[in-house]
Amino acid sequence: GTVKPVDDFRPTGLVSSIRSMNEGIDFKGGKLRSPTSLCVGATIDLGHQLEGETRLVRRKVEAGAQFFLLQALFDPLRLKEFLAGYAQRYGERLVAPVFCGVQVMTEDSLVFGEIPQWVTDDLGRGRSGEDIALQVLRSYVDEGFRSIYLVPPIRRGGARSYGAAREVLAGAGT
């Protein structure tokens, strides 16, 4: 058939295939009836070793990624370090927009990356996940990052606490 399972793709291959579809070419090299006009995004996960992630992001850029979603991260200085390393390695800064993930944590929420000990400790002392997320959000803004997306607490089974996200958004406006 003409359908190919997505698990047959590496991230850069999928990005490249989407770029080709925008040029009117399908994944087999055949001509589409008309080109697509998809905006191609990819992820950055700075929970990994920076040098390897830098090379992977470069391959994603070369494959056609137009923007990046940064996996939820609690330290914007890690992003600054990554961006500086990228610029040094490739002689140019990463020009594709990077949207920074801020995750609202609760003690029972699912975790999609490494949570710093200070977050775990603060939650254990009764500090709200909303307050921690506001601190992280403000630290991004203080470091000059203004493209931020909010990840509400996600509980087992997939239920999300949009009320917690709403509280963070309300606090960010003050």
Nearest 0.5 angstrom please: [X] [atom1] to [Y] [atom2], how far?
X     : Y     : atom1 : atom2 : answer
Leu73 : Arg78 : CG    : CZ    : 7.5 Å
Phe82 : Asp45 : CZ    : CG    : 10.5 Å
His48 : Thr54 : NE2   : OG1   : 12.5 Å

Ala65 versus Ala42, closest heavy-atom pair with distance: CB-CB, 4.1 Å
- request: Identify the heavy atoms of Ile44 and Leu46 that sit nearest to each other, and give their distance.
  value: CG2-CD2, 3.6 Å
message: Taking salt bridge (charged side-chain N to carboxylate O under 4.0 Å, His left out) as the definition, give me every residue that meets it alongside Glu114, ordered by chain and number, with sequence neighbours left out.
response: none
- request: Return the set of residues passing salt bridge (charged side-chain N to carboxylate O under 4.0 Å, His left out) with Glu143 (not counting sequence neighbours), or none when no residue passes.
  value: Lys80
Would you tabulate the side-chain donor-acceptor contacts of residues 115-123 under 3.5 Å, counting partners in other chains and residues two or more places apart, or write 'none'?
residue, atom, partner, partner atom, Å
Gln117, NE2, Asp121, OD1, 2.8
Asp122, OD1, Arg125, NH2, 2.6
Asp122, OD2, Arg127, NH1, 2.7

Partners passing side chain to side chain contact (heavy atoms under 4.5 Å, CB included) against Ala72 (at least two apart in sequence or in another chain): Gln103
task: Tell me, please, which residues at least two apart from Glu130 pass side chain to side chain contact (heavy atoms under 4.5 Å, CB included).
output: Val104, Ser128, Ala164, Glu167, Val168
field: Contact list for residues 46-57, test salt bridge (Lys or Arg N to Asp or Glu O under 4.0 Å), sequence neighbours left out
entry: Glu51-Arg55
query: Given the rule that I, L, V, M, F, W and Y join up when any side-chain heavy atoms are under 4.5 Å apart, are Leu137 and Tyr162 in one cluster?
result: no
Could you go through residues 145-160 and list every donor-acceptor pair under 3.5 Å that involves a side-chain atom there, pairing it with any protein atom two or more places apart or in another chain?
residue, atom, partner, partner atom, Å
Tyr149, OH, Leu70, O, 2.8
Arg155, NE, Asp108, OD2, 3.3
Arg160, NH1, Gly158, O, 2.5

Run the side-chain donor-acceptor check on residues 88-95: report pairs under 3.5 Å with partners two or more places apart or on a different chain.
residue, atom, partner, partner atom, Å
Glu92, OE2, Arg58, NH1, 2.9

